[in-house]
Structures are given as structure tokens and as C-alpha cells.
Amino acid sequence: MKITEARVIVTCPDRNFVTLKIVTDDGLTGVGDATLNGRELAVAAYLTDHVVPLLIGRDAARIEDIWQYLYRGAYWRRGPVTMSAIAAVDTALWDIKGKAAGMPVYQLLGGRSREGVTVYGHANAETVDGILEEVAHYTALGYQAVRVQTGVPGLASTYGVSADRMFYEPADAALPTENVWSTPRYLDHVPGVFQRVREEFGPHLRLLHDVHHRLTPIEAARLGQSLEPYHLTWMEDPVPAELQEGFRLIRQHTTTPIAVGEVFNTIWDCKRLIDEQLIDYIRATVVHAGGITHLRRIFDYAAIHHVRSGSHGATDLSPVCMAAALHLDVSIPNFGLQEYMRHTEATDAVFPHTYHFADGYLHPSEEPGLGVDIDEELAARHPYRPAQLPINRLEDGTVHNW
Ligand code: KDG
Ligand code: MG
């Protein structure tokens, strides 16, 4: 089962995606997602120039060995570009192994640990009334968990809220748009929104909120305390996570559970957070954290510290990443929740897949491999469009975290 070809495909069916397709001499193919929102071409070049030439002639069955070869072999370890490239290779090789075995990938990971993968949707609106409508929309679709993002009075735009609610896409311009942020306005407004949502929907709906890295530890502690009466499933990315020790302070002050990890690339980014049980959910993804092989290592490490998974599943991860995530989600013992932002019709058409949503759960494909592919002819009709993520400034003009 030798690798004969590896193609890097960049396409923009409503947003940019980078996909790696590996072909073997016995005619099997596998796909991996390599999308890094706003920095797509850096990963495409890394794959094309530095990884694909190393793959040709290698045994596609040796997933762990190829992972180690690419990780240790680069000498310059870690980082989102390197790890997304390694992830794409790893994911494609698991796809090939599943096809060779005639089994869905989750069977190779130990088989099912649950019947379905509980997902959360996004209720985004400027006003509280808008949010109540959006939450009702998701509960009507069968969702048991909803992330709530609200506009903040006095701020022109806020993370997570857009006109196109179902298909929110933050990378909205060739050069970054600029948002204005005020922590005091935000901290004053958010608890009242959750009070209204709880009053309206009762105690059982699982509610989540993404702070998107904007607070300091003591501000996050205040937010966590003020949200305690509304029993959130998690408060996400309360502070930037470069300083893992910073989470101790939040933890000392609040019982609101904490989820972190969408910008993490390796187990080293979350080791202390997990060791010291400073978080409750680890949100790393297949694509940005080194593929199925490395993400499973992170989840296994988390499992022995009572930390559950909560994988990132925004629309800037392609259906290839989602397909792979679901095989992990359904098999690991410590699954928590899976984010599920729906892709647009154009994206779904370029990435035909057989995972499906029913009654609040996503179900992984039962086909051999991952159960997802890329239609390369259709992909070619959607050429790359430069698009970057916004930046954030405080009201006095200081650059802040977006
Ligand atoms: O590209 C950035 C997005 O993936 C991110 O803003 C989405 O925070 C996010 C989430 O939780 O979905
Ligand atoms: Mg997030």
C-alpha cells in the first residue's frame, strides 16, 4: 500500500478550505482537512513544498511512523501551520486504513462508546428577543445544547453575531475588518441575557457561551460567578491560553465549567490545564491538533484527569474534519459535546459525506474509512478568495484579542 500521489486542493465554496488527497498504488484514496482560517495558503505551501515530496513511496499503513517522521523530522515542532499539515496527512491515512479494512474509522478506534454524538448549535443575535427566537429554532430542530452569543449595547458589532445567523463566517474581508470592544459593557450585559434564556427555556437545555479570549483571569472569574445561577455547560476561552497558570485564578473563584482549546496544536498546549484540572472540556480539533492520532492522545490524557472532549466544529473546518471528529467522538470514553455549525449547501456539495444529524445528535458515517470525499471538479469551480479574520480594538484604539 504505497503512496503514489498526494494532491493539495484549495477551494472556496462560500469560504476557503485546504484539503489533502492521498492516493495509493492499490487504488485507495484518503482525504484530510488542512484548513487554517485566514492563513490557508501557508498550510497549502507547507504541504506542497515540504510534505508531499516526503510521502511518495511510503507505506500508507504506517500512520504512527509517518506522524513521528513529519513531527520530529521537521525539527521546528508544533505551531498551527505544521500541525495542520501533519493532521491532513494523518487523517487521510486513517481514511485509507478504514477503506483497506472495510470498516468505518471508529471501529478501528475501538468501536462505539455511545449511540450518537450530542452537538450544540449557535444562537446568535443582537437583541435578547432575537436570541430567544434563535434558541427556539435550535430546540425545534432537536438540539439539546445551544451556544448563546449576544450583541452588546453600545458596541457596533460583537464576536459571534452576524446577519447570516445559520452560516456565520468571521473571515469576512480580504483585509481584516476592525471591531471595537468594551469589557465593562460586555460584563454588565451578558448575565441578564442568560437569565432571560433560562427563564424562557427552563433548567434542562444545555447553555454555552464563548468569551473568545477577551478577558483577564479576574474579569473571567467575575463573569463565571455572575453566570453561576444559570448553570452553563461551559464558559469557553475566557482568557487567552498562552499562560496556562492564569486559569488557576479563575478556577479559585467560580464553579462555572471552563472549555478551552480551539487554538491549541499539541498536548503541550494543554498539559498543565489538564494535569491541574483547571478546565472541564478540551476543545482541540482534528485539523489543528495533529490529526486523529494526536487528538486521541490528548483525549486519552484528558480522560485520566476527568476532563471531557468538546471539539471545535466551526464552519472554517471542512466536512472532512467534521467526519473525522465524529469517529473520535463516538469512540472515546470521555466525550463531552461536539460543536456543530452547519456548512452551506455549496460547501456540502464540494464535500459529499454520509454523516448526518438527527434529533440533536450527529452520527458518523458507516462507510469504510471516514465517509467523506472531495469533488475535485466542483472544487475547481470555486477558486480561492483572500479572506482574513477581524481584529479587535478597545474604545481608546488599543489592539485587543479578537
Ligand atoms: O476561525 C476562527 C473560528 O474558528 C472561531 O472564531 C470560532 O470560536 C469559535 C467557535 O467556538 O466556534
Ligand atoms: Mg470558540
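All ligand and atom numbering here is 1-based and tracks the order in the structure.
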Of all the non-hydrogen atoms in the protein, which one sits nearest to [atom], and at what distance?
atom	value
atom 6 (O) of ligand 1	His212 NE2, 2.8 Å
atom 8 (O) of ligand 1	Glu262 OE2, 2.6 Å
atom 12 (O) of ligand 1	Glu339 OE2, 2.5 Å
atom 3 (C) of ligand 1	Asp316 OD2, 3.6 Å

Regarding ligand 1, does His122 bring an N or O atom to under 3.5 Å of one of the ligand's N or O atoms?
no
Return yes or no for this condition: an N or O of Tyr159 is under 3.5 Å from an N or O of ligand 1.
yes
Under the 6.0 Å and 45° cation-pi test, does [X] pair with [Y]?
X	Y	value
Arg198	Phe194	no
Arg283	Phe264	no
Arg58	Tyr69	yes
Arg114	Tyr361	no

In Asp210, what N, O or S atom is nearest to the Mg ion (ligand 2), if we give its atom name?
OD2
Donor-acceptor side-chain pairing of Tyr106 and Glu366 below 3.5 angstrom:
yes
So His363 and His356, would you call those rings parallel, tilted or perpendicular, with 30° and 60° as cut-offs?
parallel
Could you check whether the rings of Phe351 and Phe17 sit parallel, tilted or perpendicular, using 30° and 60° as the cut-offs?
perpendicular
Region of Trp402 that comes within reach of ligand 1 [heavy atoms, distance under 4.0 Å]:
side chain
Against heavy atoms of [X], which atoms of ligand 1 measure under 4.0 Å?
X	result
Asp210	8 (O), 9 (C), 10 (C), 11 (O)
Arg147	10 (C), 11 (O), 12 (O)
Arg283	11 (O)

If you round to 10 degrees, what value do you get for the angle at the Mg ion (ligand 2) between Glu262 atom OE1 and Glu236 atom OE2?
100°
Quick check: does any side chain N or O of Asp280 sit under 3.5 Å from a backbone N or O of Ile258, one acting as donor and the other as acceptor?
yes
